[in-house]
S.K.: 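The structure under discussion is supplied below as structure tokens; questions concerning it will follow.
Letters A, B, ... mirror the listed sequences (proteins, then strands); counts begin at 1.
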Amino acid sequence: MSALLADLVRFGAERPTLLWLLPLALLPLAATPRRRTPFADLAAAPPDALSRGLAAALGAAGCLAVAALVIGISGPYRTGERITRTGIGAEVSMLIDRSGSMNETFAGRQPSGAEESKAAASRRILGDFVGSRAHDLFAVTAFSTAPMLVLPMTDRHAAVRAAIAAIDRPGLDYTNVARGLALALGQFGAASGDASRVLLLVSDGAAVIDPRVQETLRAAFAKIRPNLYWLFLRTKGSPGIADRPAGEDTPQAAPERHLDLFFKSLGVPYRAFEAEGPEAVAAAIREIEGLERDPIPYVELRPRRDLAGWAYGLAVFGLTLLILAKLAEVDLAQGRAAPPARRSERRMAA
Amino acid sequence: MKTRLPWRCNLRDGRFRMLAGAILLVLTALVVPPLPLTRDGVQVLAVVDITGSMNVRDYSASGQPQSRLEAAKAALRHLLAGLPCGSRFALGLFTERRPFLLFAPVEVCDGFAPIDGALAALDWRMAWEADSRVSAGLYRAVEMAAEIGTDLVFITDGQEAPPLPRGQTPPFEGRPGAVRGLIVGAGGYALAPIPKFSDRGREIGFYAESEVQQENRFGPPPADAESREGYNPRNAPFGAAAAQGSEHLSSVREDHLKDLANRTGLAYAHLDGPASLDAPLRAAATARPVPGRFDLRPFLGATALLLVLAAFTAAPFGALSGRLTPRKA
């Protein structure tokens, strides 16, 4: 029963207001397109079952024709379906640094001539990454001083590529990674089940994470348990992830190293890729692609089905009966027809 | 006994012809393919002001106060849902003095869910600076729209923070009208208080007069400075008193926005409910042909329905028109 109801609610109409015309389908019960002939005495024609049956059938044909036409012009359809299947891929939440320094080259200069800025390189390489596998889901978050949700988790790769196409535009101020991480973590849907979750941080620097925020982030990582990849676009000459500062080893002196230590302490699978050029970035992305090969449920959309053809088909059926009846009319008034009129004036006869 | 049917008479009957016409129309409807045609799509970059004054709650939705930003989001989502397939939509934020492109143009039907999700997620907390230099932001948004080849919808309340120096709008250096589109003024016409938020994002009241820059005191002082109390050309070029004003309250600055619209060759519209952007944008935007389909079937079906109804209702009239008197047998 509930299955039937569920099936019923999937029917809809493009112009539902036209369905208010449906009562017109009762008109054939009150009127007839057939000829009306005066008859001296109805009692002269004895009621017979065949005539009554024909009258009912033709009345029904009329109702059917009108109702089917009304339904046909209202644009009936059966809504599309969402079918969940399983493919190979991952849920990838990308967290992309949009601070001003991303617009410099890996050598820390303004790009000139054929040189590629860090942002342009990541745009090109991430753009290739999106869509290389059909069933990956992506969310894009950007961050500088504040985190910005660019796109929520989606399987529309064209939209994701459009979001990535925007990342080599002039960046903003600073690198405030903590709030960005929180927002990017929030993009994993609760309902995604056991799909592999990937948090991909692309940045060219790091920042101190406030100890109070660290606890919140730790809790969020423990709950969501993503695989964390940090693609660190290292500018030549700047400190790397593993470099100990010469002086005191504080987060302020070596934010990259301490962010790495923080990530390692989270207890989630974590890898850092230190890329000093576009080729290294591409190699890192290929490696991530190879690592994330788990089954993922994805949704296949079945388009909705147009049912207007069926309605018009029924209308043709009803109209055919009416036309046959019309062609088989006899004219009692012409006096050619002899005994009780069968087809013609059943209504009068009955 | 054989009954001879009056074929000729039956075929001549008006009601038979109506039914026959109806069935022909319906049969045509069953086989006719949809007509290909071009529709007017749009390609538009929407830039939304997310500065503090957009948090003013001077709209209402379903009986609840609604902030300007929420009203703008609702209007954009309504606009997005009504764009014909093949149109393209890009989204940017504005704060400080520049727009920030979130994503390049995306086709609106295939990408509806992510675009709608991104619109729903717009939040003042994404702002990277608290300034709101509307004219500078608008001029750069016009440039950005030209770069990505789209029209522009720029939604703002027009409140410059800090106020413009000497109240003068900076000149527009582009070519007016090169980018078409719409400046949308968000906000009511009456002054309303601006909500204030703590650094953890919690609302903690409203801005007071002394908390907001009431006058721009960078650059040369205004012409009337000499008449101000305590004026001293070197030590107090803007006068000695603290500036007073109503910059801590906000209303839509329509005059300023209309002036900006004139300078840039854009149209102006006031944000007034979720459906208020659809018609102004259609009028202001460049029509970009997108392929569409025109379904003839409803028209064929409707004509057929009229014919069938006519066939049914013609009977009484036919009966009245002279055939009541039986012919001679």
Side-chain angles (χ1 to χ4, degrees), chain A residues 15 21 24 27-28 31-38 62 65-66 69-70 72-73 75 98 140 142 144-152 154 156 158-160 162-163 165-166 169-170 172-173 308-309 312-313 315-316 319-320 322-323 326-331 333-339 342, chain B residues 1 3-7 9-11 13 15-16 18-20 22-23 26-27 29-30 90 93 98 100-107 110-111 113-115 117-118 121 123 125-129 144 295 297-298 301-302 304-305 308-309 311-316 318-319 323-327 329:
Chain A
R15 295 168 286 272
L21 294 178
L24 283 177
L27 182 71
T32 166
R34 283 167 294 282
R35 210 168 284 141
R36 198 181 272 244
T37 314
V66 177
L69 281 174
V70 169
I73 60 176
R98 293 289 305 270
V140 184
S144 68
T145 314
M148 283 168 267
L149 175 59
V150 176
L151 279 185
T154 178
R156 306 281 129 175
V160 180
R169 301 198 146 260
L172 304 167
D173 309 333
Y312 288 129
V316 167
L319 284 173
T320 311
L322 288 180
I323 284 178
K326 199 72 191 125
L327 282 178
E329 261 181 335
V330 292
D331 198 344
Q334 301 290 339
R336 290 206 196 105
R342 279 274 156 84
Chain B
M1 190 178 201
T3 307
R4 277 195 49 217
L5 290 172
W7 286 108
C9 170
N10 282 351
L11 286 174
D13 187 350
R15 286 165 291 175
F16 166 76
M18 290 181 199
L19 289 177
I23 203 169
V26 180
L27 286 171
L30 279 173
L93 306 172
R98 46 177 288 195
F100 178 84
L101 185 65
L102 286 181
F103 50 82
V106 179
E107 202 277 319
D110 180 56
I115 303 174
D123 194 297
R125 291 175 179 85
M126 295 179 173
W128 56 94
E129 279 266 3
M144 181 183 276
D295 193 0
R297 293 180 308 175
L305 179 65
V308 172
L309 293 177
F312 272 100
T313 47
R323 299 223 32 202
L324 269 179
T325 359
R327 289 183 193 170

S.K.: Shortest non-hydrogen contact from A:I73 to B:A302?
M.R.: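 It is CG2-N, 3.2 Å.
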S.K.: Could you pull out all residues at least two apart from B:R297 that satisfy side-chain hydrogen bond (donor to acceptor under 3.5 Å, both in side chains)?
M.R.: A:D306, B:D295
S.K.: Hey, could you give me the CG/CZ distance between A:L322 and B:F312, rounded to the nearest 0.5 Å?
M.R.: 5.0 Å
S.K.: With a 4.5 angstrom heavy-atom cut-off, which part of B:A90 approaches chain A: side chain, backbone, both or neither?
M.R.: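 For B:A90, no heavy atom lies under 4.5 Å from chain A.
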S.K.: By a 4.5 Å heavy-atom criterion (distance strictly below it), what part of B:L101 contacts chain A: side chain, backbone, both, or neither?
M.R.: both
S.K.: Please report the interatomic distance OG1(A:T320) to CG(B:L27), rounded to the nearest 0.5 Å.
M.R.: 7.5 Å
S.K.: On a heavy-atom basis, which atom in A:A146 and which in B:R125 lie closest, and how many Å separate them?
M.R.: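 Taking every non-hydrogen atom into account, CB-O, 3.5 Å.
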S.K.: So, for A:V150 and B:A118, which heavy atoms are closest and what is the spacing to 0.1 Å?
M.R.: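 That would be O-CB, 3.2 Å.
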S.K.: If every non-hydrogen atom of A:G313 is compared with every non-hydrogen atom of B:L30, which pair is closest and at what distance?
M.R.: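 Minimum heavy-atom contact is N-CD2, 4.0 Å.
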S.K.: Over all heavy atoms of both residues, which pair between A:I323 and B:L19 is shortest? Give the atoms and the distance, please.
M.R.: CD1-O, 3.6 Å
S.K.: Of all the heavy-atom pairs spanning B:M126 and A:L149, show the shortest one and how long it is.
M.R.: CE-N, 3.3 Å
S.K.: Among B:L305, B:V308, B:D123, B:V106, who wins on heavy-atom pairs under 4.5 Å with chain A?
M.R.: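 When all of B:L305, B:V308, B:D123, B:V106 are compared, B:L305 has the most.
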S.K.: Under a 4.5 Å heavy-atom cutoff, which of B:G301, B:P114, B:G111 has the most pairs with chain A?
M.R.: B:P114
S.K.: Do you know which of A:A163, A:G62, A:A308 has the most heavy-atom pairs under 4.5 Å to chain B?
M.R.: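 Of A:A163, A:G62, A:A308, A:A163 has the most heavy-atom pairs under 4.5 Å with chain B.
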